[in-house]
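The block underneath contains the structure these notes are about, expressed in structure tokens.
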Amino acid sequence: MNNKIYPSYFSWATLGLYLVFFIIPGLMGFYYSFTDWNMYSSDIQFIGFDNFSSLFSADEKYMKFIVNTLNFTISTVILKTVLGLAFAIALNEGIRMKGFHRVMIFMPSIVPMLVVGLIFKSVLNPATGLLNESLRAIGLDVLTQKWLVDVNWAFKSIIAVDTWKGVGYIMIILLAGLQSISKTYYEAAQIDGANSWQKFKYVTVPLLMPALVVTTVLNLLHGLKVFEVVYVLTNGGPGYATDVLYTTIFKEFSQGRYGVGTALSTVLFLFMTIVGYFVIRLMAKEEEISA
């Protein structure tokens, strides 16, 4: 039977929309990142790398926002992967009410981040929030903190909220990976005298590497472009303590500094592309070695 080949013009409409709404705006944004485009002047002048020089200047605060973004990304990647894997392993075993526990852990991931942020902004209120009130009720006043207004705790609180929301999604992916591993591998390891740690290290991790590649890339991309949870909980405060790249881009555009905003967007895009590429290459190499 001959395979039917569809004509190429079937894809022209989709390619046209992608070109109009993604490619052309992206190229325009790249161009404007080299200009002084702003809301205070109708003239747009080409200024070369001046915007990028200011982004990486020690006299500006942009490097702090880049560091905050990296800290958030690294912290959430580690926490979500470790906790997600721990939950996946626990719920892959023969414990009671596995389905109920899976649903309860996964449920926060389907709630919009805006809703999660508003809920936790109330929960973490230092004066009337549920967390501090609960700690005071059981006599643990010493543990109460100004979670979202203290420089030492605001960023940690944001990381904790984002991890709470996203860990269930990572757990589901890793759980699917665990269930695809044949039990014969564990039986063979058992015959060879392997203990639980050795089974995890030499059987589970290598065979779970494809799922770990997916979750790591998803976590990285989410961390680098984080916005909603920071904007709702602290709006970058106190001061600039929790500002990240996307909140900074938002503020730059709000203040009419379009050239600097597009330069930041360009830096973020390039960084996401480079990091994603090398992470995939690195983890794919580890997968080949394990295989």
Side-chain angles (χ1 to χ4, degrees), residues 69-113 115-116 158-229 271-291:
T69 305
L70 293 176
N71 286 339
F72 177 88
T73 302
I74 294 170
S75 299
T76 53
V77 167
I78 293 173
L79 286 171
K80 289 179 186 177
T81 301
V82 172
L83 293 175
L85 181 57
F87 287 139
I89 292 174
L91 297 177
N92 192 43
E93 302 298 330
I95 65 173
R96 299 178 60 184
M97 300 178 67
K98 288 189 296 185
F100 172 77
H101 289 101
R102 291 173 184 173
V103 170
M104 293 303 296
I105 296 173
F106 177 72
M107 191 68 70
S109 65
I110 65 175
V111 180
M113 181 59 82
V115 176
V116 171
I158 291 172
I159 290 172
V161 172
D162 186 79
T163 300
W164 175 84
K165 182 186 185 305
V167 70
Y169 183 71
I170 302 304
M171 177 203 71
I172 291 297
I173 296 175
L174 296 179
L175 183 61
L178 285 174
Q179 293 180 344
S180 68
I181 300 175
S182 174
K183 294 185 181 297
T184 56
Y185 294 107
Y186 295 103
E187 293 170 358
Q190 182 73 34
I191 294 172
D192 290 337
N195 56 34
S196 298
W197 169 248
Q198 290 171 328
K199 291 178 184 177
F200 174 77
K201 182 178 180 181
Y202 296 109
V203 178
T204 303
V205 172
L207 295 177
L208 196 60
M209 192 58 68
L212 287 171
V213 170
V214 172
T215 57
T216 301
V217 173
L218 290 176
N219 282 332
L220 278 171
L221 296 180
H222 170 77
L224 291 173
K225 62 184 183 68
V226 62
F227 173 74
E228 297 101 323
V229 65
F271 194 73
M272 290 173 63
T273 302
I274 293 170
V275 170
Y277 173 77
F278 282 106
V279 167
I280 292 174
R281 286 290 302 273
L282 178 62
M283 298 194 74
K285 186 179 294 184
E286 291 293 328
E287 182 181 347
E288 291 175 2
I289 293 174
S290 301

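Keep in mind that this is a model prediction, so the values were computed, not measured. Along the sequence shown, residues are numbered consecutively beginning with 1.
Taken from CG in L175 to CD1 in I89, the straight-line distance is 10.5 Å, to the nearest 0.5 Å. With values rounded to the nearest 0.5 angstrom, H222 atom NE2 is found 5.0 Å from M113 atom CE. To the nearest 0.5 angstrom, I105 atom CD1 is 10.0 Å from L83 atom CG. The CG atom of L220 sits 13.5 Å away from atom CZ of F278, with the distance rounded to the nearest 0.5 Å. Atom OG1 of residue T163 and atom CD1 of residue I158 lie 11.5 Å apart, to the nearest 0.5 angstrom.
In plain terms, the two heavy atoms of R102 and N92 that are nearest each other are NH2-CA, 4.3 Å. Summarising the geometry of L91 relative to K98, their closest heavy-atom pair is O-CD, 3.3 Å, with the distance given to 0.1 Å. Taking every heavy atom of both residues into account, S180 and G177 meet most closely at OG-O, 2.6 Å.
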Table please: side-chain donor-acceptor pairs of residues 195-214 below 3.5 Å, with sequence neighbours left out.
{"residue": "N195", "atom": "OD1", "partner": "W197", "partner atom": "N", "Å": "3.2"}
{"residue": "N195", "atom": "OD1", "partner": "Q198", "partner atom": "N", "Å": "2.8"}
{"residue": "Q198", "atom": "OE1", "partner": "N195", "partner atom": "N", "Å": "3.0"}
{"residue": "K199", "atom": "NZ", "partner": "Q190", "partner atom": "OE1", "Å": "2.3"}
{"residue": "T204", "atom": "OG1", "partner": "Y186", "partner atom": "OH", "Å": "2.7"}

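Residue F227 places its CZ atom among more than 12 non-hydrogen atoms of other residues, nucleotides or ligands, all under 6.0 Å distant.
Annotation: side chain to side chain donor-acceptor pair (under 3.5 Å) contacts involving residues 71-91, sequence neighbours excluded, comprise K80-D162. Sequence neighbours left out, not one pair with a member in residues 174-185 passes salt bridge (Lys or Arg N to Asp or Glu O under 4.0 Å).
Listed by chain and number, the residues in a side-chain hydrogen bond (donor to acceptor under 3.5 Å, both in side chains) with T184 are S182 (sequence neighbours excluded). By the side-chain contact (heavy atoms from CB on, under 4.5 Å) test, I110 pairs with F106, M107, sequence neighbours left out. Applying the side-chain contact (heavy atoms from CB on, under 4.5 Å) rule to V82 yields the partners I78; only residues at least two apart in sequence or on another chain are considered.
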*Could you go step by step and tell me if V116 and W164 meet the side-chain contact (heavy atoms from CB on, under 4.5 Å) rule?*
CA-CA 10 Å; V116 171; W164 175 84; 4.0 Å; yes
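For the side chain to side chain contact (heavy atoms under 4.5 Å, CB included) criterion with Y169, the lone passing option out of V167, I172, I173 is I173.
A distance-only check finds a donor-acceptor pair linking the side chain of N219 to the backbone of T215 [under 3.5 Å].
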